[in-house]
Amino acid sequence: MSEKVRVRFAPSPTGYLHLGGARTALFNWLFARHNKGTFILRIEDTDRTRSTEEYIETIIDSLKWLGLDWDEGPYRQMDRFDIYKHYAEKLLNDGKAYYCYCSPDELEKRRKEALKQGKLPKYDGRCKILKDPIPGRVPAIRFIMPQDGKTIVDDLIRGKVVFENSQLDDLIIMRSDGTPTYNFTVVVDDVEMRITHVIRGDDHLNNTPKQLHIYSAFGYEIPAFAHLPMILGPDKTRLSKRHGATSVTSYRDMGYLADAFINYIVRLGWAHGDQEIFSRNELIELFSLEDVGKSHAVFNREKLLWLNSQYIMKTSTEKLMELVMPFLVREKIITEGQILDKKWLSKAVETLKERSRTLLELAHSLHFYIAEEIVFDKKAKEKFLNERYLPFLKDIKNELEKLEIFVAPNIEKVFKEIVEKYNTKLGNIAQPVRVAITGKTESPGIFEVIEIIGREKTLKRLEKAIKTIV
RNA sequence: GUCCCCAUCGUCUAGUACGGCCUAGGACAUCGCCCUUUCAAGGCGGUAACACGGGUUCAAAUCCCGUUGGGGACGCCA
């Protein structure tokens, strides 16, 4: 390919950006970046009744969050209606298209009838031979499809796919309200925008022969095609709202990191040997359509979570603090505008880094550090805040009160002394204290925790725990 | 109904193009052990797959045919 690579992501704003769309965008973006080409964003909003500005915004938000930046666009097909009209008229003049006066209702009826009889539900072409317009009706425009021979789609991922032209029917390219339709606008735009590689979902493979005939009606060169296998839900059907969270923004809101999300979806259909974790630059360097698989993939939340935890562990504490802030506010762990001491927070976050799979979990775990008071988990309380452990709690409280320099190593010494005094195991002392301080039976190392929480709150919480026992 | 696509552990996949290096490798999940103040993290180990049936061949996960299963498309949606 002598021409510079030009690819596009062309979502329709009739819904938010979902996982599958995000992966299509990602593969296009990676292909463009790998080949030092151009990545174009084009909004396919020809369906005026279902497209909304809100969806355009969330799609753009999602792409930005994922860091998939585009070099051209966003173009909007709505702004280009004159162009499509012009192209449609050309086809009309060349006798390659005709006016169709059938109403959507009639068409729908005939289609259902055909399906019921087990026949191909295709348009019978009755308006093609029509001499005069049908009065009182505004026509749509149909493109004439050949009925003989075969059409071969040479796909970069699937190889040569053969379609019988007899399967094709005359396709509406302009609706009666004057708006153009998908199979027509993609071709016009891909030609006009000099797209070299059309990388899109598998669900478009069947549309490709139709589009190929439109290319040839205009005498245009065809781009290369690459149809990506779909991503399915756990029940192996097309991903939809039924499968719970599928929108990209919902993953952001659940506390996933953009890089982890990218890393997860790139591995749905693409692999580079046994490698699991890739930096952006590695992806750009390594990505190739040849390594894209043919079979569909099933979304698996557990692996995404694992990847996210891996990314959280290697994210700098500084960055993590920044990222977790909105979650702290949203979860009402801090109030809007509340300032936390940076150095202190960084110590707290540090202890939680390898225990949090999402930013949301991190925010929740931060609660016991930040809150003034904590509540004891019921089971934890029953098990550890009782007579048996009371003397330990009292001793720990007394000793910590006297401790001069309130840092983890010294706190550890206090614990060790009491372990010795009672000739018991550390666990017997650490666990009740942990429950007293954090409310739960799991937490980061207790000496660290105590240091970070500080003397005042520690003593207060120990006192409260002791009071619940006596 | 017709057409198209796909088929390796539960899931993501390596291996398939150039058939032998595959008694099929990795990762997530799961189970066990180690580490250990708890929970994680980390380390070690286990369970677990070439859909089936025919060919071709000295040799097939890899090539061919069929079956089955799954998915997708058949719109004045994209």
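Since the model is a prediction, treat every value here as computed from it, not as a measurement.
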When rounded to whole Å, the CG to C1' distance for the pair A:Leu307 and B:A27 reads 9 Å

Here the side-chain hydrogen bond (donor to acceptor under 3.5 Å, both in side chains) pairs for residues 263-278 of chain A, sequence neighbours left out, are A:Asn263-A:Tyr311, A:Gln275-A:Glu282, A:Glu276-A:Lys303

(Q) Taking donor-acceptor contacts at under 3.5 Å, does the side chain of A:Arg434 reach the base of B:U37? (A) yes

**Item:** Parallel, tilted or perpendicular: ring planes of A:Tyr389 versus A:Phe392, cut at 30 and 60 degrees
**Value:** tilted

Can you tell me, in whole Å, how much space there is between the P of B:G20 and that of B:G66? 25 Å

Closest to the side chain of A:Glu302, out of B:A40, B:A29, B:A14, is B:A29

Residues 406-415 of chain A vs side-chain hydrogen bond (donor to acceptor under 3.5 Å, both in side chains), sequence neighbours excluded, gives A:Glu412-A:Lys416

Letter by letter from the 5' end, nucleotides 70-78 of chain B scores (B base, S sugar-phosphate only, - none; protein heavy atoms under 4.0 Å) SSBSBSBBB

Applying the 3.5 Å cut-off to both distances, the Watson-Crick or G-U partner of B:A59 turns out to be none

Rounded to whole Å, the CG-C1' distance (A:Leu19 to B:C12) equals 13 Å

Between the CZ atom in A:Arg434 and the CZ atom in A:Phe368, the distance rounded to the nearest 0.5 Å is 9.0 Å

Residues passing the salt bridge (charged side-chain N to carboxylate O under 4.0 Å, His left out) test with A:Glu382, sequence neighbours excluded, are A:Lys378

Heavy-atom contacts, protein to nucleotides 16-24 of chain B, under 4.0 Å, summarised as B (base), S (sugar-phosphate only) or - (none) per nt, yield ---------

Neighbour count >12 (heavy atoms, 6.0 Å) for atom NZ, A:Lys383: no

With sequence neighbours left out, the residues meeting side-chain hydrogen bond (donor to acceptor under 3.5 Å, both in side chains) with A:His296 are none

Discussion item. Base, sugar-phosphate or nothing for A:Leu205? Non-hydrogen atoms, less than 4.0 Å.
Written reply: sugar-phosphate

For B:U47, the nucleotide meeting Watson-Crick or G-U wobble distances (both under 3.5 Å) is none

For residues 417-430 of chain A, tabulate all N or O donor-acceptor pairs below 3.5 Å that involve a side-chain atom, not counting sequence neighbours.
unit_1, atom_1, unit_2, atom_2, d
A:Lys421, NZ, A:Asp395, OD2, 2.5
A:Tyr422, OH, A:Asp395, OD2, 3.1
A:Thr424, OG1, A:Asn428, OD1, 2.9

In numerical order, the residues of residues 411-427 of chain A whose heavy atoms come under 4.0 Å of RNA chain B are A:Leu426, A:Gly427

**Asked** Quick one: does A:Thr249's side chain have a donor or acceptor within less than 3.5 Å of a partner on A:Ser62's backbone?
**Response** no

Under a 3.5 Å limit on both distances, the Watson-Crick or wobble mate of B:C21 is none

Here the ring pair (Phe, Tyr, Trp, His ring centres under 6.0 Å) pairs for residues 148-171 of chain A, sequence neighbours left out, are none

Note to self: For a quick check of understanding: with a heavy-atom distance under 4.0 Å over all strands, which category does A:Gly201 fall into, base, sugar-phosphate or nothing?
What the structure shows: nothing

Whole-Å distance, A:Lys383 NZ to B:U38 P, equals 11 Å

Kindly give the atom pairs (protein nitrogen or oxygen, nucleotide nitrogen or oxygen) under 3.5 Å for nucleotides 42-50 of chain B.
unit_1, atom_1, unit_2, atom_2, d
B:G42, OP1, A:Gln310, NE2, 3.4

B:A41 -> Watson-Crick or G-U wobble partner, both distances under 3.5 Å, gives none

The Watson-Crick or G-U wobble partner of B:G1, with both key distances under 3.5 Å, is B:C74

Name the orientation class of the two ring planes belonging to A:Tyr251 and A:Phe261 (parallel below 30°, tilted from 30 to 60°, perpendicular beyond 60°). tilted

Discussion item. Please check this pair: side chain of A:Gln431 against backbone of A:Thr441, looking for a donor-acceptor N/O pair closer than 3.5 Å.
Written reply: yes

The salt bridge (charged side-chain N to carboxylate O under 4.0 Å, His left out) partners of A:Lys314 (sequence neighbours excluded) come to none

A:Phe368 atom CZ is separated from B:U38 atom P, nearest whole Å, by 16 Å

hbond_proxy A:Arg158 side chain to B:C5 base (donor-acceptor, 3.5 Å cutoff):
no

Practice problem: Give one of base, sugar-phosphate or nothing for A:Val153, where a contact means two heavy atoms less than 4.0 Å apart. | Solution: nothing

### Message
Within the 4.0 Å heavy-atom criterion, would you say A:Phe163 contacts the bases, only the backbone, or no part of the nucleic acid?
### Response
sugar-phosphate

With the side chain defined as heavy atoms from C-beta on, A:Glu276 is closest, among B:G25, B:U37, B:A27, to B:A27

Using Watson-Crick geometry (N1-N3 plus N6-O4 or O6-N4) or G-U wobble (N1-O2, O6-N3), each under 3.5 Å, B:A7 is paired with B:U68

Answer for the Watson-Crick or wobble partner of B:U16, both distances under 3.5 Å, is none

Residues 162-171 of chain A vs side-chain hydrogen bond (donor to acceptor under 3.5 Å, both in side chains), sequence neighbours excluded, gives A:Tyr98-A:Asp170, A:Lys150-A:Glu164, A:Thr151-A:Asn165

- Do other residues, nucleotides or ligands put more than 12 heavy atoms under 6.0 Å from the NZ atom of A:Lys85? no

Whole-Å distance, A:Glu113 CD to B:U2 P, equals 18 Å

* Kindly check if the number of other-residue, nucleotide or ligand heavy atoms within 6.0 Å of NZ (A:Lys394) is above 12? => no

Residue pair A:Thr441/A:Phe299 against RNA chain B: nearer the 5' end by closest nucleotide is A:Phe299

